[in-house]
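Labels below follow one simple rule: chain letters A, B, ... track the order of the sequence lines, proteins then strands, and each chain is numbered from 1.
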Amino acid sequence: MIHPIPFTLLAAVAVAAALGMLTSRNAVHSALYLVLNFMTVAVLYLVLNAPFIAMVQITVYAGAIVVLFLFVIMLLGADLLRGVTDEVRGSERYHRYLAVLLALVLLGVFGYLLLQNNFGGTTLSPTIDASPQALGITLFQDYLFPFEVTGVLLLASIIGVVIFGHTRKRGKENA
Amino acid sequence: MPSAVDINWYIALSGILFVIGALGVLLRRNAIILFMSIELMLNSANLLFVAFARHLGELEGQVLVFFVITVAAAEVAVGLALIVAIFRSKKSINIDEINLLKG
């Protein structure tokens, strides 16, 4: 397993990137921080004996999904998005403090559970074969039906996106 | 300092990333940033899946991550299409101004 010092460095980068995404005023910067976070987690996947998942993480998450985010940001106009302030109406101002409080409570519950239960155990399982070949055999033998259902899900989302994206005709009629 | 990183370290990191994602959903008003925060939370759950797969010596956790990534991709595609459609009709993606079921 990985030594604590490189793990702490990687974890610090991941948390800093997540905080950067959270606090960045510019949506493009947020998307780039998200890429950094995904890349760091991909390195952790490599450490955790999951090379295929690490590569999928980089191509699908850091590649496809974030590029989709950037496309939409550019499509709507990054300057326009900068006008989206996080100011809430006066009567709801306390919501911000309530949100931070709730997040701290959630973190406290996580920490409490982690301290109460030692998930670590004493023995570490031996490294198993997690090559794309072994993963594919598991996927297509034991999880074939969920895999097929995933195809239906993707089809449904494609149809949904096409329908949502095709509203221009109705807009012309209204105009 | 302990000599090796065990599963507890990964649980802690995953919990911190999840809380940051939840905080993003609660604090930010920009719908796109909201979606990014949801991705962050899904990603922290994936990290936990892979960490436990390594800890237990099973491959099933990694297969499940594969499915989660697929669902996340589909969800982002539909969600961003919704955001674009909402922006066309309301000229805003501030979630405080999206409070009507009628377009």
Is [X] close to chain B through its backbone or its side chain, or both, or neither, when contacts mean heavy atoms under 4.5 Å?
X	answer
A156(A)	neither
F69(A)	both
A11(A)	both
L19(A)	both
L68(A)	both
V161(A)	both

Given side chains that start at C-beta, do those of [X] and [Y] come closer than 4.5 Å, heavy atoms only?
X	Y	value
Q62(B)	F52(A)	no
F38(A)	E39(B)	yes
F164(A)	V84(B)	no
I53(A)	F49(B)	no
I16(B)	F110(A)	no
E75(B)	S157(A)	no
L98(A)	L26(B)	no
V47(A)	Y10(B)	yes

(message) Please find the pair of heavy atoms, one from G15(B) and one from L107(A), that lie closest to each other, and give the distance.
(response)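 Heavy atoms of G15(B) and L107(A) come nearest at O-CD1, 4.4 Å.
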(message) Ignoring hydrogens, what is the shortest heavy-atom contact between S30(A) and I33(B)? Give both atom names and the distance.
(response)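 It is OG-CD1, 3.4 Å.
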What's the separation between atom [atom1] in [X] and atom [atom2] in [Y], rounded to the nearest 0.5 Å?
X	Y	atom1	atom2	answer
I11(B)	L113(A)	CD1	CG	10.0 Å
H95(A)	L27(B)	NE2	CG	12.0 Å
L48(A)	H55(B)	CG	NE2	12.0 Å

Considering only heavy atoms and a distance below 4.5 Å, find which of [options] pairs most often with chain A.
options	answer
V65(B), V71(B), L47(B), T70(B)	L47(B)
V25(B), L13(B), L59(B)	L59(B)
G61(B), A53(B), A51(B)	A51(B)

(request) Please flag which part of F18(B) lies under 4.5 Å from any non-hydrogen atom of chain A: side chain, backbone, both or neither. (result)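 Contact with chain A: side chain only.
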(message) Counting only heavy atoms not in F52(B) (residues, nucleotides, ligands), do more than 12 fall under 6.0 Å from its CZ?
(response)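 Correct, the count exceeds 12.
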(request) Write out all pairs satisfying ring pair (Phe, Tyr, Trp, His ring centres under 6.0 Å) with one or both partners inside residues 144-163 of chain A, taking only residues at least two apart or from two chains. (result)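 Qualifying pairs: F140(A)-F147(A).
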(request) Apply the test side chain to side chain contact (heavy atoms under 4.5 Å, CB included) to residues Y61(A) and N46(B): give CA-CA distance (whole Å), side-chain angles for both, the deciding distance (0.1 Å), then the verdict. (result) CA-CA 12 Å; Y61(A) 261 122; N46(B) 281 347; 3.9 Å; yes
(request) Check the pair I65(A), I69(B) against side chain to side chain contact (heavy atoms under 4.5 Å, CB included), reporting the backbone distance first and the verdict last. (result) CA-CA 10 Å; I65(A) 290 183; I69(B) 289 177; 5.7 Å; no
(request) Could you check which of A31(A), A64(A), A14(A), G160(A) has the highest count of heavy-atom pairs closer than 4.5 Å to chain B? (result)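 Answer, by heavy-atom pair count under 4.5 Å with chain B: A31(A).
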(request) Return the option, out of L114(A), N49(A), L102(A), T138(A), with the maximum number of heavy-atom pairs under 4.5 Å with chain B. (result)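 With the most close heavy-atom pairs to chain B, the winner is L114(A).
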Do [X] and [Y] sit in one hydrophobic cluster, given that two such residues count as connected whenever their side-chain heavy atoms are within less than 4.5 Å of each other, even indirectly?
X	Y	answer
F7(A)	M39(A)	yes
L42(B)	F67(B)	yes
V72(A)	V60(A)	yes
L10(A)	L36(A)	no
V41(A)	V67(A)	no

(request) Verify the distance criterion only: is there a donor paired with an acceptor across the side chains of N43(B) and Q57(A) at less than 3.5 Å? (result)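 There is such a pair between these side chains.
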(request) With chain B as the partner chain, list the residues of residues 148-155 of chain A whose heavy atoms fall under 4.5 Å from it, by residue number, and write 'none' if nothing qualifies. (result)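 Heavy-atom contacts from residues 148-155 of chain A to chain B are T150(A), L153(A), L154(A).
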(message) Check for me whether the distance between the ring centres of F66(B) and Y143(A) falls short of 6.0 Å.
(response)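 Centroid separation for F66(B) and Y143(A): 6.0 Å or greater.
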(request) Could you give me the CA-CA distance, side-chain angles and deciding distance for L23(B) and L106(A), then say whether side chain to side chain contact (heavy atoms under 4.5 Å, CB included) is met? (result) CA-CA 10 Å; L23(B) 202 57; L106(A) 189 60; over 6 Å; no
(message) When you measure from the side chain of R28(B) to the backbone of L22(A), do you find a donor-acceptor pair of N or O atoms at a distance under 3.5 Å?
(response)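 Looks like yes, one N/O pair under 3.5 Å.
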(request) Report the C-alpha separation of L80(B) and F71(A) in whole Å, then their side-chain angles, then the decisive distance to 0.1 Å, and conclude whether the side chain to side chain contact (heavy atoms under 4.5 Å, CB included) test is met. (result) CA-CA 10 Å; L80(B) 288 178; F71(A) 260 138; over 6 Å; no
